[in-house]
Amino acid sequence: MNLRERAAQRYRRLPLRSRLAMLTALAVALAVAASAAACWVITRDRLTEQLDGTLSKVSVDGSYVRALSAECNGITQGVRFPPTPYTVQLVSVDGRVCTSSEKSQIPASAADVQVARGSAPEALHTARAADGAEMRVSTKPYDGPATDAFGNQVAVSVAAPMDQVTRPLNQLALVLLIVCGVGVLGAATTGLWVARAGLKPVDRLTAAVEHVARTEDLAVRIPTEGEDEIARLSRSFNSMTAALAASRDLQAQLIADAGHELRTPLTSLRTNIDLLERSERTGRAIPAEDKLALLDSVKAQMGELAALIGDLQELSRTPDHGAAGQSAPPVVALHDIAAAALERARLRGPSLTLDAALDPWYVRADPAALERAVVNLLDNAVKFSPSGGTVEVRLKDGLLTVRDHGPGIPAHELPHVFERFWRSPSARSLPGSGLGLSIVARTAQQAGGGVRLRPAEGGGTLAELTLPGAAVPPPEEPPTAG
């Protein structure tokens with residue numbers, strides 16, 4: 001692992017607030033550094049321009065040039081140089097320079113020689129004098145009588161120390177460095193404070209999640225204010241815990257209801273089997289008629305248990321055809337499924353007349369679940385129909401109706417008919433698990449439809465199952481009958 005990877009790993013281990021503070025400080029540091037650098041460069045350029053302007057405006061006195069020219073020509077007696085803050089020197093065409101003995105000589109540059117030869121009007125550059133001082137040099141041609149020792153025309157250079165520029169620049173750099181340091185430190189402190197203040201809702205959410213994970217207490221709710229991302233996340237968490245709590249309550253209720261429903265047939269089975277066992281042990285034979293009744297009762301109770309377990313398994317199935325990797329449900333022929341369910345219903349109610357009129361209708365649904373739902377509707381009608389009665393079944397434009405002529409359902413019981421394990425007080429003596437209509441409602445919802453029960457005109461109950469679909473199957477796939 002190289003140094004960059006180790007640094008990235010250490011960074012990822014830092015708390016979120018520390019990373020936010022570091023990023024804030026880094027962003028401020030880059031912004032301040034860029035501003036400071038721009039300020040320093042602009043100031044340097046302006047100071048250099050001012051110095052260049054000053055040097056360009058310096059007018060060299062003719063007596064000074066004559067004295068310097070005389071010294072360059074070997075005449076030193078009686079030469080006096082007027083006082084000046086600048087370094088003045090003559091530059092010949094061959095690059096030689098002549099400077100007064102009071103000043104440090106500055107080497108001539110190529111630009112200075114070009115001015116001396118008349119090839120350039122002026123030269124501005126920075127050079128280092130013999131004593132090591134950095135100088136700003138302005139060179140202009142001189143039209144006066146000054147010449148070098150060989151009689152060549154010369155140019156005049158005027159130079160000033162660059163410390164007029166570098167000294168304030170160094171002071172400015174120190175000030176900017178201090179300001180940058182204070183700014184970065186303040187930005188880091190402010191970033192840490194802002195991160196702590198901004199992440200308080202996240203801390204509350206984290207504490208709530210850890211509390212739920214530790215205690216499984218789904219009653220925890222996080223206070224939400226505003227419409228920002230944290231508030232939306234908190235509301236989503238509250239919705240999730242509420243849904244989980246409701247699901248757990250439903251699960252507990254389902255287990256309790258299932259246990260209650262299983263207890264009755266199991267108790268009856270145990271009682272009947274105990275009677276048969278006691279008869280065998282004691283040698284007291286049970287009358288054949290009573291024994292046959294006990295065996296019929298045991299068989300009926302076992303059938304009831306099997307039906308209840310089947311209903312529970314049906315409710316436990318949670319197909320998700322919209323999930324990734326799973327195909328959409330197939331197209332099924334609802335009229336064929338209804339016809340098959342009618343044949344089963346005729347076997348269960350041989351004394352009843354089943355009047356059916358089924359128009360073609362194709363839907364997308366799970367074939368087994370849809371068949372189970374239609375069978376449950378018909379079983380419910382057969383169960384409550386009087387002997388010799390009629391059950392009317394109609395399928396038209398996606399509406400499947402099942403109408404019986406039984407006692408009907410009281411109005412105050414209609415809101416409960418699709419609840420799991422709910423059974424009408426008048427129907428508790430009849431076989432059934434109380435899950436049939438619940439399975440119908442769930443199947444209809446998964447297929448995008450709905451179901452309802454209502455009193456029929458003239459007595460009885462009318463069940464209406466609505467499923468979206470079409471009167472003809474889609475051309476891309478053949479329908480299945482279930």
Side-chain angles (χ1 to χ4, degrees), residues 36-76 79-177:
C39 179
W40 188 88
V41 170
I42 292 173
T43 303
R44 182 200 62 185
D45 293 344
R46 294 297 177 269
L47 291 175
T48 303
E49 287 177 4
Q50 290 179 4
L51 181 58
D52 290 345
T54 301
L55 291 176
S56 298
K57 293 177 182 178
V58 171
S59 178
V60 180
D61 187 76
S63 60
Y64 193 99
V65 175
R66 288 192 296 271
L68 188 58
S69 177
E71 188 176 73
C72 290
N73 289 320
I75 303 173
T76 58
V79 175
R80 295 289 184 271
F81 294 98
T84 176
Y86 303 103
T87 297
V88 180
Q89 63 183 20
L90 302 179
V91 181
S92 65
V93 295
D94 58 0
R96 288 180 296 175
V97 296
C98 179
T99 310
S100 71
S101 57
E102 300 174 357
K103 302 291 183 178
S104 180
Q105 192 177 78
I106 303 171
S109 68
D112 296 332
V113 175
Q114 293 294 327
V115 175
R117 292 175 179 175
S119 302
E122 185 180 9
L124 277 171
H125 62 90
T126 301
R128 194 168 293 277
D131 61 358
E134 191 176 19
M135 308 292 287
R136 188 67 176 172
V137 182
S138 173
T139 303
K140 294 181 179 180
Y142 186 73
D143 297 330
T147 60
D148 62 8
F150 301 96
N152 297 319
Q153 185 65 38
V154 296
V156 178
S157 293
V158 180
M162 278 294 292
D163 60 359
Q164 301 178 40
V165 175
T166 57
R167 189 183 306 113
L169 281 179
N170 291 337
Q171 294 175 351
L172 177 62
L174 179 61
V175 172
L176 290 176
L177 182 63

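Below, each value reflects all heavy atoms present in this structure, side chains not excepted, and no hydrogens, waters or symmetry copies.
- With sequence neighbours excluded, the residues that form a side-chain hydrogen bond (donor to acceptor under 3.5 Å, both in side chains) with D52 are R136.
- Of all non-hydrogen atoms in T87 and S104, the two that sit nearest each other are CG2-O, 3.9 Å.
- Looking at residues two or more places apart in sequence or on another chain, you find a side chain to side chain contact (heavy atoms under 4.5 Å, CB included) between V41 and R44, D45.
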Begin from the C-alpha positions of M135 and T126 and carry the test side-chain contact (heavy atoms from CB on, under 4.5 Å) through to its verdict.
CA-CA 6 Å; M135 308 292 287; T126 301; over 6 Å; no
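- Taking both residues in full, the closest heavy atoms of A36 and L176 are given as O-CD1, 3.4 Å, listed atom of the first, atom of the second, then distance.
- Partners of A160 according to the side chain to side chain contact (heavy atoms under 4.5 Å, CB included) rule, which considers only residues two or more places apart in sequence or in another chain, are L51, L55, Y86, Q164.
- The backbone N or O of T139 sits nowhere less than 3.5 Å from a side-chain atom of S157 that would complete a donor-acceptor pair.
- Looking at residues two or more places apart in sequence or on another chain, you find a salt bridge (charged side-chain N to carboxylate O under 4.0 Å, His left out) between R167 and D163.
- In this structure, the side chains of Q105 and C98 stay at 4.5 Å or more apart for every pair of heavy atoms.
- Here the side chain of T99 pairs no donor or acceptor atom with the backbone of K103 at under 3.5 angstrom.
- By the side chain to side chain contact (heavy atoms under 4.5 Å, CB included) test, A108 pairs with V91, V97, D112, sequence neighbours left out.
- A search for salt bridge (charged side-chain N to carboxylate O under 4.0 Å, His left out) contacts involving R46 returns E49, not counting sequence neighbours.
- Considering CH2 of W40 and CG of L172, their distance stands at 9.0 Å, rounded to 0.5 Å.
- Across V137 and A127, no two heavy atoms sit closer than the pair CG2-CB, 4.3 Å.
- Listed here is the closest heavy atom pair of V93 and A116: CG1-O, 3.7 Å.
- Residues forming a side-chain hydrogen bond (donor to acceptor under 3.5 Å, both in side chains) with S119 (at least two apart in sequence, or on another chain): Q114.
- Sorted by first and then second residue, the salt bridge (charged side-chain N to carboxylate O under 4.0 Å, His left out) pairs involving residues 116-133 (not counting sequence neighbours) form an empty list.
- The shortest heavy-atom contact between L47 and P168 is CD1-CG, 3.7 Å.
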